[in-house]
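These numbers were taken from a predicted model, which means no experiment stands behind them. The chains referred to below are lettered A, B, ... by the order of the sequence lines, with proteins before strands, and numbering in each begins at 1.
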Amino acid sequence: MAKKVQGYIEIDKEKCKGCELCVVACPKDIIRMSKDVNGKGYHYAEFFNPEPCVGCADCAVVCPDGVITVYRARIEV
Amino acid sequence: MGELRLMKGNEAFAEALIRAGADGYFGYPITPQSEVIEYLMAEKPHERTGMVVLQAESELASINMLYGGAGAGKKVATSSSSPGISLMLEGISYMAGAELPCVILNVQRGGPGLGTIQPSQSDYFQATKGGGHGDYRLLVLAPASVQEMSDFVPLAFDLAFKYRNPVMILSDGVIGQMMEKVELFDPIPRWTDEEVIEKNGDWATVGKRPGRERNIITSLDLDPYSMERHNHDLFAKYKKMEEEEVRWEELNTEDAEYFIVAYGSASRISQKAIDLARAEGIKVGLIRPITLYPFPYKVLQEKVQKGAKGFLTVELNMGQMIEDVQLAVKDNAKVEFFGHVGGVIPTPEEVVEALKTKIIGG
Amino acid sequence: MELTADKIKELVVKPENKVYAKTPLLTDKTLSYCPGCGHGVAHRILMELVEEMGLENDTIGIAPVGCSVLAYEFMNVDMQEAAHGRAPALATAIKRLWPGKFVFTYQGDGDLAAIGGNETLHACNRGENITIIFINNGIYGMTGGQMAPTTLPGMRTSTSPYGRDTHMMGNPLKMTEIVAMLPGTYFVTRQAVHTAKHARKAKKAIKKAIEVQLEGKGTSFVEIVSNCNSGWKMTPVKANQWLEENMLDYYHLGDIKVDGKLVKEIV
Ligand SMILES: Cc1ncc(C[n+]2csc(CCOP(=O)(O)OP(=O)(O)O)c2C)c(N)n1
Ligand code: SF4
Ligand SMILES: [Mg+2]
């Protein structure tokens with residue numbers, strides 16, 4: 001069995017203001033803006049494809065509102 | 001008996017700051033009070049007590065240094081004269097709003113504008129009615145001697161911390177510049193950092209403490225209801241000052257029919273005038289407000305109730321305190337004003353003359 | 001084994017795998033900033049450092065007047081809110097009266113370079129042992145996008161609707177270069193936070209600025225070239241592109257003064 005670095009992010013969608021900076025920041029293009037809106041009326045960011053995520057945290061680092069939590073682990077595949 | 005010295009009023013204030021355990025003085029030179037910072041710089045209070053003295057780049061900076069220092073729980077003071085106090089009004093209003101304790105000395109000179117470096121009392125309205133923007137009051141103490149330039153410093157610090165409010169010592173060029181014998185009080189040790197935390201750590205920014213939320217010093221509140229509440233709280237505090245902190249002095253008032261109301265240097269001149277008038281058989285006494293805010297309205301009202309016939313205010317301005325005397329006396333007795341401006345000092349003889357023509361004969 | 005999204009979540013989302021989360025030194029209050037505003041990133045890296053450096057109980061911060069006037073609502077340390085432009089005066093007294101604390105000001109360009117120009121210059125000239133974080137977005141964000149001393153030539157704002165005319169309004173003021181010339185400053189740098197790379201670099205710079213203060217070396221001054229998408233009337237993504245192409249062309253990034261010595265020619 002091979003090992004790989006797997007990342008995962010959680011987005012606090014109610015706190016997201018929909019600025020899209022994480023979408024631009026993500027090197028793997030796996031964040032997009034949701035078609036739905038949150039309680040504040042913003043199209044919030046959505047982590048739609050976890051598999052390529054390496055947990056680089058670039059999205060979280062550029063998020064002005066600190067709504068992204070990042071996890072990273074070596075998992076067996 | 002404390003140490004006796006012959007000093008200028010400004011120097012007595014400076015020495016008193018060191019002895020009162022002040023932590024910091026921040027100021028900018030202006031006549032007629034530059035002796036304060038000069039004395040402090042020469043005395044090296046940092047070596048005597050650890051007190052910080054800094055010549056700031058402006059009065060705007062000085063007063064905002066006070067905001068920072070007071071917000072961090074320390075005993076801080078500044079001094080200036082009228083044009084400098086005008087610049088400080090920004091910070092004074094913020095400090096009143098944020099409820100910060102400090103001591104501000106105004107050695108008044110004449111205005112408006114750059115005016116004159118000569119003595120004046122024309123900042124009475126500015127000091128007692130707020131001065132800066134917003135609804136607020138300062139506690140205002142008016143020294144009439146070099147002794148009081150010293151004695152009022154520890155009193156001012158006590159009041160400032162008791163009410164968490166700026167206290168102004170409203171002096172003038174005469175009291176600041178004249179030399180008199182002064183008995184200095186024994187030094188009060190500066191609070192240690194631990195004492196500052198113990199006394200003020202529940203509100204001041206002394207660094208977050210385990211077991212409490214962070215402390216915030218601000219005058220801002222965007223919630224209208226909460227801001228209205230804050231204004232009401234401030235005025236409840238001012239009301240308490242009005243009930244508990246009125247200070248005044250009376251001279252020859254027991255049998256008096258007429259009263260001179262004067263503070264600071266004008267009260268010194270008025271004392272002499274009373275001697276002259278009494279020698280002529282005029283039953284006149286002096287009421288000297290020591291706190292200009294809160295003003296001794298009740299004292300004047302009691303005189304009215306006991307049949308006072310008239311009140312003459314003597315001021316080094318165009319007539320400012322007279323409005324407070326009128327508020328107290330209303331139409332129940334005659335209230336008139338006599339004064340000079342521009343640095344011209346009224347003579348006792350002129351005061352007696354004004355008493356006769358404006359009050360007794362008028 | 002097929003790695004479904006749910007499976008990945010199950011394997012990876014565990015407390016021990018958490019590599020990035022909002023610092024507890026930011027409160028849970030929603031930031032009052034517009035979407036995408038650089039103030040949020042600057043707040044976060046500053047508070048992360050206060051946490052990482054163990055300074056939580058030894059920090060006194062000063063908020064300005066500007067969009068970050070409410071910084072004290074978000075930064076979970078003891079804070080004071082200053083009058084417009086006066087933060088360096090507050091910091092001067094606080095640091096002199098509490099020399100053992102980490103004292104910082106956080107100021108916008110209107111606050112620091114216009115109304116507070118004098119306080120800034122003199123605090124830096126005295127070498128006050130404080131850290132100044134200067135958020136330069138080239139505009140008055142809070143009051144609705146008026147021209148600032150830092151507004152670029154030709155840039156449109158609500159008080160320069162035809163673009164900043166430098167004949168009438170002067171040229172953008174480079175406060176950072178000016179304070180770098182003063183002997184009192186020890187570390188002066190210009191950073192940005194619009195990309196992850198820049199934000200990480202800015203964090204390193206602020207860390208150095210804090211260390212300089214803790215070592216008692218003098219004033220440390222960190223400019224952060226930031227955006228104001230509301231004032232600039234652009235989307236956040238567009239604003240960051242514009243920042244890269246225009247602001248950084250005028251406000252060059254990098255250290256200007258290190259260890260008390262100029263490391264860059266000042267132009
Ligand atoms: C004495 C005073 N003058 C003017 C204002 C109004 N005012 C509030 S914020 C501001 C400009 C702030 O701009 P900047 O410092 O660049 O901060 P930003 O909002 O861009 O972050 C002004 C002019 C004020 N609050 N106080
Ligand atoms: S107005 Fe500009 S500076 Fe203020 S919060 Fe919005 S984007 Fe940020
Ligand atoms: Mg700005």
Side-chain angles (χ1 to χ4, degrees), chain B residues 22-26 46 50-76 78 90-95 97-98 100 102 132 190 193 196-197 201 203-222, chain C residues 24-27 32 47 50-51 55-65 69-103 105 115-126 128 130 142:
Chain B
D23 297 302
Y25 170 91
F26 305 88
H46 200 263
M51 175 185 174
V52 169
V53 180
L54 182 65
Q55 180 170 333
E57 61 270 34
S58 69
E59 291 85 353
L60 225 45
S62 322
I63 194 69
N64 283 288
M65 288 173 184
L66 259 61
Y67 183 108
K74 301 268 181 164
K75 278 188 183 175
V76 288
T78 187
E90 172 191 81
I92 292 175
S93 165
Y94 277 68
M95 291 185 86
L100 295 179
C102 70
R190 279 182 57 231
D193 284 353
V196 172
I197 291 168
W203 57 269
T205 59
V206 295
K208 238 165 101 171
R209 295 290 109 195
R212 72 149 164 81
E213 294 283 291
R214 70 196 189 286
N215 279 342
I216 295 168
I217 300 294
T218 183
S219 61
L220 175 73
D221 193 337
L222 295 170
Chain C
L25 289 194
L26 283 175
T27 63
S32 47
M47 285 300 109
V50 171
E51 188 202 359
L55 295 170
E56 172 175 0
N57 294 336
D58 289 303
T59 295
I60 303 173
I62 301 156
V65 175
V69 66
L70 290 174
Y72 61 80
E73 295 277 351
F74 314 125
M75 297 187 184
N76 196 359
V77 289
D78 273 10
M79 294 284 291
Q80 296 197 18
E81 200 290 305
H84 199 16
R86 316 290 175 233
L90 273 66
T92 294
I94 296 171
K95 184 68 183 186
R96 284 178 182 243
L97 294 167
W98 287 101
K101 303 288 174 198
F102 164 58
V103 178
T105 70
I115 195 164
N118 206 35
E119 283 76 12
T120 306
L121 274 184
H122 286 276
C124 290
N125 192 46
R126 288 189 302 261
E128 296 297 341
I130 57 173
M142 156 145 269

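With a 4.5 angstrom heavy-atom cutoff, C:Ile60 touches chain B only via side-chain atoms. Neither the backbone nor the side chain of C:Leu55 comes within contact range of chain B; no heavy atoms are under 4.5 Å apart. Only the side chain of B:Arg212 comes within contact range of chain C, judged by heavy atoms closer than 4.5 Å. When heavy atoms are compared at a cutoff of 4.5 Å, C:Thr59 approaches chain B solely by way of its backbone atoms N, CA, C and O.
Between the side chain of B:Asn64 and the main chain of B:Gly91, no donor-acceptor pair closer than 3.5 Å is present. Judged purely by atom type and a 3.5 angstrom limit, B:Asp23 uses its side chain to pair as donor or acceptor with the backbone of B:Lys75.
When each of C:Gly85, C:Pro88, C:Ala63, C:Ala93 is checked for heavy-atom pairs under 4.5 Å with chain B, C:Ala93 comes out on top. Residue with the most contacts toward chain C among B:Tyr94, B:Phe26, B:Tyr67: B:Tyr67 (heavy-atom pairs, distance under 4.5 Å). Among the candidates C:Val103, C:Ile94, C:Asn76, the residue making the largest number of heavy-atom pairs closer than 4.5 Å to chain B is C:Asn76. With chain C as partner, the option from B:Gly68, B:Gly24, B:Ala98 having the largest number of non-hydrogen pairs under 4.5 angstrom is B:Gly68. Between chain C and the options B:Gly73, B:Gly69, B:Ala72, heavy-atom pairs under 4.5 Å are most frequent for B:Ala72. The choice from B:Val206, B:Val52, B:Ile63, B:Val196 that makes the most heavy-atom pairs within less than 4.5 Å of chain C is B:Val206.
Residue pairs meeting the side-chain hydrogen bond (donor to acceptor under 3.5 Å, both in side chains) criterion with at least one partner in residues 80-91 of chain C, sequence neighbours excluded, are B:Glu90-C:Arg86, B:Thr205-C:Gln80, C:His84-C:Asp111, C:Arg86-C:Glu119. Screening residues 61-72 of chain B for salt bridge (Lys or Arg N to Asp or Glu O under 4.0 Å) gives no qualifying pairs among residues at least two apart or on separate chains.
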Inset, instruction - Run the numbers on C:Asp58 and C:Lys101 for salt bridge (Lys or Arg N to Asp or Glu O under 4.0 Å), then give the verdict. - result: CA-CA 5 Å; C:Asp58 289 303; C:Lys101 303 288 174 198; 3.1 Å; yes

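Minimum interatomic distance between B:Ala56 and B:Ser62 (heavy atoms only, all atoms of both residues): CB-OG, 3.6 Å.
Here the OG1-CD distance, from C:Thr27 to B:Glu213, works out to 10.0 Å after rounding to the nearest 0.5 Å.
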